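Everything on this sheet refers to the single structure shown next.
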Amino acid sequence: MDAKRRMGGPMLGGASQAKRGKPGTEWEDSPSQFEEELAQFDDVDMEMESGEGQAGELFSAALNPRWRRPAAPPLLPHTDTLVFQQIDLDYYLGSAVAGMPGQVEGKVPVIRMFGVTDSGNSVCCHVHGFAPYFYVPAPVDFTSSHLSEFQKELNSAVLKDMRSNKDNISVTVLAVDLTRKESMYGYHGNRLVDFLRITMAMPRLVAPAKRILEQGFKFDNFTTQGYPAYEANIDFEIRFMVDSGMVGCCWVELPKGKYSLREERSGTSDLCCPVDVGWTDLISHPAEGDWQRISPLRVLSFDIECAGRKGVFPEAEVDPVIQIASMVQCQGEKEPFVRTVFTLQSCASIVGSQILCFSQETMLLQSWAEFVRTVDPDIITGYNIQNFDLPYLLNRAATLKVNLFPYLGRVRGIKSVLKDSTFQSKQVGRRESKTVNMEGRVQFDLLQVLLRDYKLRSYTLNAVSFHFLQEQKEDVQHSIITDLQNGNDQTRRRLAVYCLKDAYLPLRLLQKLMCVINYMEMARVTGVPLTYLLSRGQQIKVVSQLLRQAMKQKLVMPVVKSDGGEDYVGATVIEPVKGYYSVPIATLDFSSLYPSIMMAHNLCYTSLLQKGQAEKLGLSADEFIKTPTGDLFVKASVRKGLLPEILENLLSARKRAKADLKMETDPFKKQVLDGRQLALKISANSVYGFTGAQVGKLPCLEISQSVTGFGRQMIEQTKQLVESQYTIANGYQADAKVIYGDTDSVMVKLGVTSVEEAMKLGTEAAQWVSSHFVMPIKLEFEKVYYPYLLINKKRYAGLYFSSSTQHHDKMDCKGIETVRRDNCPLVANLINTCLQKILIDRDPGDAVGHAKEVISDLLCNRIDISQLVITKELTRSAQEYTGKQAHVELAERTPSITTWNSSCPNLSCASLSPFWEKRRLSVCYSVSRPVRARACKTPGSLTAVY
DNA sequence: GGGTGTGGAAAT
DNA sequence: ACTTATTTCCACACCC
């Protein structure tokens, strides 16, 4: 159901009108532009290696030397230091390795880091001796003499709690230590108190131990009591990374003499170098200077084709996989060095690519798995591979009993299995998805990346490619794939070209959007593994940073039960003075408003004064502040907050990155720096959200409410300041008027007539207003709108002046139909043209005329049906769009007889209702369609009051 | 993360 | 029983 949509149908919004190449030269037999591109790649003799024409059954990696990684230089642990960039990190339970620290008996948790060296060799590093732990406050009168009894009792309580003991665990609690810590939640006088640090044998024992302690635990002569747990909900990987000072994708150094090389080399990936090291012996380098570089990662992009039955979506239990195209590229290089298609049955050659033909599907699958293991990619990409290609391949291999297929990771013996998972977050909503484990390889499904990071009208590969690359898929209708397969080696060749392109496009997109670089920078900045960025939400990133900062001050993070549901007051939107402004409107913005507020007022968990604390601690009035919500926080002079510190680090790092970016000349390094500054900005902004997430790891409404409270106060104050200062009475040309404002910005009519004056006065005003606020809060002049059409709250348009006083940079539209994806293209185009006529040509009469004309065209059937499709139904979710809706044929041009999904009888609705001065133009039209071919009733209403 | 307008569906 | 006009509600997609 959630499968890839493979039609390049005409209904794909804007992309549909795109024409590929020169129209006159588009003959079926002439090679496509893509084929020419393929042919121009280096090493055009690649097909010499191809198995074309042979049985193909005798597949051998040895015949394809280019697939392998470069030969690893000899490595001598006693004289060579091993340096690699860590790409992925997980842990497993295994037996202890002789000579390594940590528990010796039973199963021990081992951290496994996968990485790549500068020379492009892969490393699998097993880190030993690190065990999970958490804290509880020590009870009153507890001394170190009680430690062993506490440990003994807790150990037996956890053992008793286990329903089964498959692993035959004898020791659950490895250690209990007394340590001086302080809770990070609330200010309590900078006093370290006794905490018990409880170290468990395995990560999965932490939760039961926590529960037992919370519910009431008795030992020795102490009374039964509940112990609130601290840091018992931290992922083991994050725990390790925080404690070892390691961030995502950082460079790791294993000093000579401190690690050992494993004798057995992994058979599935014999170039992956397995080493063992003690967790305190490894050195992780902060991503600074030379350590910002990126290793030559291998990126594999692939796409599969299957021969479906007519009108039925392919099912792995029935329909065969007929082709798999793969492209492999090194990060940082321009083009893929492996371009290959595995086909079922013969296939004519394609210049610039290698074709391997198989007569049996089982061999095709098995060989492709072998290919993956040989290529040993660090990153696997493709389009919707997570929910379609990979599950399909695994299911198909299972159906055909290709038992050697599902070993796609870098660890020998670990089977790749399909799991259903429901990922839930505010960002993407609840989404059912599938996951396939591939240890050591990062799955970078481009569709998932796009869904996360980009708002698009359509998420089909075709539309996305057109949007970002001005390129489209090869023209093969989904419905004819089976026919092409059943044809001859020429028709299968056509399919192969199509398939190759579908593997190539994700690679190009990945490059164009700099996904790998940006995600790596995000991993480095926030300290989480790369994989977390795609599989987890925003919270874990803040937790990672919070823990790092807290550790330095001996602060520990409580585990809080999330209780949601109180009324929450957010930002203010100033009531707009709606209308058309034919004078320049200056826009002033608070830069990084929420982070600035938190820094300026030292808002943090550690500075929060809970009820009665101020009196209890005897704080004087100048030692704390009262926020607009009435909450109290101590000043930085009493205790500097963690969150302000994190924010300062992020924002100063961003400033540095931006400065470096200006100096840098190398385009590749520039990309890295730009990705870095972006990651830093996003991270700074997510700190506020973290404190306000009511179902989060550590919500603190006092903080988030105070932040928005300050924000509301500031926006009101700004309005008053500007309107009271810039007046005729004070010698200015006119009385300034704030006509609108949202959260962190105000739009001011300064009463000047030119853009230049507006910029000058706007800059002055911003500076003047800033002086009324606490550092680092700063109001900045942003831009001038001239003219400006203010339709409503969050809905406006204007010509945007920023870089020049003479020419506008763009026509800026916010919230209007032109930028919304839930309208059909016709509406967007109509409104856009009208706005142009109003704002650029300054001829509203023409705008009305145009609208009438379009409506008339609509009534008279002169408009392409693709323009009428409501995108809302189709873009509701990409899954629907890429799968279920695929069969909806919209090629039909006759609007009167169209079969349509009964759930969306209304095909189109155009509306235009801008306020222009006092005259109101409103155009409404709707076409209702019957469910099935019946007479079409077209109730249209057209009202123009002008 | 909350605030907002919008259109369609359900409720009235 | 059915249609129609109005209100209420909610999902959605946007703004910041």
Side-chain angles (χ1 to χ4, degrees), chain A residues 425-430 451 454-457 537-539 541-542 564-576 578 587-598 629 681-682 684-696 699-701 703-709 711-712 714-715 740-747 780 782-783 790-798 812-824 827-828 831 870-878 880 902-915 922 924-928 939 941:
Chain A
S425 88
K426 273 277 157 58
Q427 195 186 334
V428 295
R430 197 172 151 279
L451 285 172
Y454 297 89
K455 286 201 174 298
L456 301 173
R457 289 193 132 80
Q538 298 289 327
Q539 289 213 30
K541 298 195 269 185
V542 184
E566 274 172 67
D567 275 354
Y568 199 98
V569 193
T572 301
V573 183
I574 295 175
E575 193 56 42
K578 299 169 194 169
T587 305
L588 314 180
D589 287 33
F590 286 105
S591 53
S592 308
L593 179 70
Y594 288 177
S596 305
I597 290 175
M598 295 174 88
T629 46
K681 183 188 172 180
I682 296 170
N685 285 329
S686 62
V687 172
Y688 154 76
F690 179 77
T691 66
Q694 278 147 314
V695 277
C700 181
L701 295 195
I703 298 175
S704 55
Q705 288 287 27
S706 295
V707 170
T708 55
R712 287 191 298 275
M714 283 161 56
I715 209 83
Y740 179 55
D742 185 349
T743 314
D744 63 353
S745 65
V746 286
M747 317 293 197
E780 285 174 337
E782 275 277 317
K783 68 233 172 189
L790 181 52
I791 297 168
N792 214 335
K793 281 179 179 176
K794 304 191 192 268
R795 312 190 120 231
Y796 59 83
D812 205 16
C813 300
K814 298 289 179 194
I816 302 173
E817 280 79 352
T818 49
V819 297
R820 292 180 66 93
R821 295 172 297 169
D822 53 358
N823 279 97
C824 63
V827 176
I831 305 285
I870 275 198
T871 48
K872 194 201 271 178
E873 278 302 315
L874 297 175
T875 52
R876 177 160 296 151
S877 80
E880 278 177 33
S902 60
S903 67
C904 69
N906 296 314
L907 263 187
S908 84
C909 176
S911 77
L912 170 69
S913 52
F915 292 82
S922 98
C924 249
Y925 182 77
S926 71
V927 183
S928 293
S941 73

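Each chain gets a letter, A, B and so on, in the order the sequences are listed, and its residues count up from 1. Note that the coordinates shown come from a computational prediction; the quantities given were computed from them, not determined experimentally. The figures here come from the full heavy-atom set of this structure, side chains too, leaving out hydrogens, waters and symmetry mates.
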Shortest side-chain distance from [X], nucleotide among [options]:
X        : options              : value
A:Asn792 : B:dT4, B:dG5, C:dC15 : B:dG5
A:Val569 : C:dC14, B:dT6, B:dG3 : B:dG3
A:Val573 : B:dG1, B:dT4, C:dC14 : B:dT4

Inset, instruction - Just call it for A:Tyr796: base, sugar-phosphate, or nothing, with non-hydrogen atoms closer than 4.0 Å on any strand. - result: sugar-phosphate
Inset, instruction - Using a cut-off of 6.0 Å, state whether more than 12 heavy atoms not belonging to A:Lys681 lie near its atom NZ. - result: no
Output the rounded distance in Å from [atom1] ([X]) to [atom2] ([N]).
X        : N      : atom1 : atom2 : result
A:Ile791 : C:dC14 : CD1   : C1'   : 13 Å
A:Leu593 : B:dG1  : CG    : C1'   : 13 Å
A:Lys814 : B:dT6  : NZ    : P     : 17 Å
A:Ile816 : B:dT4  : CD1   : P     : 18 Å
A:Leu701 : B:dG2  : CG    : C1'   : 13 Å
A:Ile831 : C:dC14 : CD1   : C1'   : 15 Å
A:Lys793 : B:dT6  : NZ    : P     : 12 Å
A:Ile574 : B:dT4  : CD1   : P     : 12 Å

Inset, instruction - Only counting residues at least two apart or in another chain, list the ones meeting side chain to side chain contact (heavy atoms under 4.5 Å, CB included) with A:Ser686. - result: A:Gln538, A:Val542
Inset, instruction - Kindly write out the residues that satisfy side chain to side chain contact (heavy atoms under 4.5 Å, CB included) with A:Ala571, not counting sequence neighbours, or none if the list is empty. - result: A:Tyr594, A:Thr743
Inset, instruction - Before giving the answer on side chain to side chain contact (heavy atoms under 4.5 Å, CB included), spell out for A:Leu701 and A:Ser704 the whole-Å C-alpha distance, their side-chain angles and the decisive distance to 0.1 Å. - result: CA-CA 5 Å; A:Leu701 295 195; A:Ser704 55; 3.7 Å; yes
Inset, instruction - Tell me whether the OP1 or OP2 atom of C:dC15 has a side-chain N or O from A:Lys794 closer than 4.0 Å. - result: no
Legend entry - A:Arg795 vs B:dT6: side-chain N/O to OP1/OP2 distance below 4.0 Å: yes
Inset, instruction - Please examine the side chains of A:Gln705 and A:Val569, heavy atoms only from C-beta on, and report whether any two atoms are closer than 4.5 Å. - result: yes
